[in-house]
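Single-structure report; data block below.
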2 protein chains.
Amino acid sequence: MVIKVAITDDHKMVLKGIAAMLQGTPELQVVGMYEHAQDTLDNIEKDAPDVLFLDINLPDINGIDLSKMLLKTNPELKIIALTNFEDISFVKRMLKNGVHGYLLKNTDKLELVTAMKTVLSGELFLQKDIQASLLNQGSKKTTDNGLKPKLTRREQDVLVAISEELTTQEISEKLFISPKTVETHRMNIMSKLGAKNSVGIIKIAIEKELL
Amino acid sequence: MVIKVAITDDHKMVLKGIAAMLQGTPELQVVGMYEHAQDTLDNIEKDAPDVLFLDINLPDINGIDLSKMLLKTNPELKIIALTNFEDISFVKRMLKNGVHGYLLKNTDKLELVTAMKTVLSGELFLQKDIQASLLNQGSKKTTDNGLKPKLTRREQDVLVAISEELTTQEISEKLFISPKTVETHRMNIMSKLGAKNSVGIIKIAIEKELL
DNA sequence: ACATTTTTAAGGGTATTCCCTGATTTTTTA
DNA sequence: TAAAAAATCAGGGAATACCCTTAAAAATGT
């Protein structure tokens, strides 16, 4: 049985790289190479891959949302997330949302094939680095919180709007919520980031790469 | 004459991707694929490539410093920087430090080969997106600085104080001037940077490296 | 189904920023 | 030395941000 593989990544080089790695294995067939989320959604049913390697840092949509959409219409599809960094909290969220594997981009051919076989057998595949990080999280409990403060989705919306130099009123109109709600979010952001005012919010947000 | 090519990127997939693109062109020969800066430094003289594709987002060192080192010991080497994003100020700094070309990672084979030929002929190669960005920068403000708006000494003091999340009152006490003077300075800073409020001041100041 | 988190919102303030105009003194530069 | 730029300060008002508390839906997770 031939395994049909598709790849979504906005970097042509990564597309080519994976395709090159998979060539030479006759039981594998690359049926789709997509550069954007929309390409993927448009062609996934037509191409009907068994496995999709999905870059989670796409420009137009985040990997979690795209995974959800794809799995809703293609429940049989196995998705292996691709990423540059091992962001543990992100890995967790992806796995909770039905993604079947998680690969760093510096992966060799052997691991690529192993990952595919694993997910096709219905199991989860995690690289050993990521596995180790997940284990550390459970026991230590301290690792994740020192670096990046975790904002909620709405808080991030407000954060972005603040960084766009909008006033509370303007933000409320943009997000369709009351100005009072915007203030609440801003206060919570300040508290989470340890900022004294909006200037501090922006400074810290840029520092911690939240923007 | 055979052109010898090497690649440095911490993602194996990108390494493979470029190698795959270059295969099938007989006059090209991939003589080195390095995953780290140290690999590159260790092997560059032995492998003696004519062109090096260099990822500027390496984990162990930044692209500018590595370029400097490589060019010091290998003046004949042509370096083409690889990146995910088009950070104009970074491009400029790279080019000033002797890098010969700049490529985004979503580049196809044709552009890859064109880039190599261009740099081997002694010219600079810039992708059209990046060229456009550079041109836009230049045409915006030709007469004065082009790069960063110049603040006066006192305005910089106030800028720093604002970035420390101080209020007008606190800044006035720190600098031994009237709160009204602080406000005047802040207004002038806003005007010079094109900011709508203090948040904009900080955002732009960090962007333009005024802090 | 129940507990937790998130999002929503309000009242009622106080503090601060933003914006205008106008002006004097000091420093730098041509 | 004259002209330009920078730094100083002020009045006054409107807009906005900041801060506290409280609390009910709504979404999410176990």
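The basis for the numbers below is simple: all heavy atoms, side chains too, and nothing from hydrogens, waters or symmetry mates. The sequence lines fix the lettering, A, B, ..., with proteins before strands; numbering per chain opens at 1.
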Open item on the list: For A/Arg154 and B/Ala195, find the nucleotide of DNA chain C closest to each by heavy atoms; which residue's nucleotide sits nearer the 5' end?
Closed with: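 Nearest nucleotide further toward 5': that of A/Arg154.
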- [ ] Nearest-nucleotide wise, let me know which of B/Met187 and A/Phe176 is further upstream toward the 5' end of DNA chain C.
- [x]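 Nearest-nucleotide comparison on DNA chain C picks A/Phe176.
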Tell me: [atom1] of [X] to [atom2] of [N], nearest whole Å?
X        : N      : atom1 : atom2 : answer
A/Glu165 : D/dA15 : CD    : C1'   : 16 Å
A/Ile177 : D/dA27 : CD1   : P     : 15 Å
A/Arg186 : D/dC20 : CZ    : C1'   : 14 Å
A/Asn188 : D/dC20 : CG    : P     : 12 Å
B/Glu183 : C/dG22 : CD    : P     : 18 Å
B/Ile171 : D/dA7  : CD1   : C1'   : 16 Å
B/Gln169 : C/dT16 : CD    : P     : 8 Å
A/Lys196 : C/dA15 : NZ    : P     : 17 Å

Select base, sugar-phosphate, or nothing to describe what [X] touches, counting heavy atoms under 4.0 Å on all strands.
X        : value
A/Thr181 : base
B/Ser178 : sugar-phosphate
A/Asn197 : sugar-phosphate

- [ ] Assign each of B/Arg153 and B/Lys180 to its nearest nucleotide of DNA chain D by heavy atoms, then name whichever residue's nucleotide is nearer the 5' end.
- [x]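 Whichever sits nearer the 5' end wins; that is B/Arg153.
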TODO: With the side chain counted from C-beta on, respond yes when A/Val14 and A/Asp55 share a heavy-atom pair under 4.5 Å apart, and no when they do not.
DONE: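 No, too far: nothing below the 4.5 Å cut-off.
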Task: B/Glu165/A/Lys203 ion pair, N-O < 4.0 Å - done: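 Here B/Glu165 pairs with A/Lys203 in a salt bridge, since their nearest N and O are under 4.0 Å apart.
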- [ ] Identify whether the distance between the nearest side-chain nitrogen and carboxylate oxygen of B/Glu155 and B/Arg186 falls below 4.0 Å.
- [x]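 Between B/Arg186 and B/Glu155 there is no salt bridge, as every charged N stays at least 4.0 Å from the carboxylate O atoms.
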Open item on the list: So if I apply the side chain to side chain contact (heavy atoms under 4.5 Å, CB included) rule between A/Met13 and each of B/Leu15, B/Leu112, B/Asp9, which one comes out positive?
Closed with: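 Result: among B/Leu15, B/Leu112, B/Asp9, B/Leu112 is the only option passing the side chain to side chain contact (heavy atoms under 4.5 Å, CB included) with A/Met13.
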TODO: Indicate whether OP1 or OP2 belonging to C/dT7 is found under 4.0 Å from a side-chain N or O atom of A/His185.
DONE: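 No, no such contact exists.
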Open item on the list: So, OP1 or OP2 of C/dT6: does either fall under 4.0 Å of a side-chain N or O from A/Thr152?
Closed with: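 No, outside the criterion.
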- [ ] Indicate whether any N or O donor in one side chain lies under 3.5 Å from an N or O acceptor in the other, for A/Asp47 and A/Tyr34.
- [x]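 Yes.
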Open item on the list: Taking donor-acceptor contacts at under 3.5 Å, does the side chain of B/Thr184 reach the base of D/dC9?
Closed with: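 Side chain to base: pair found, below 3.5 Å.
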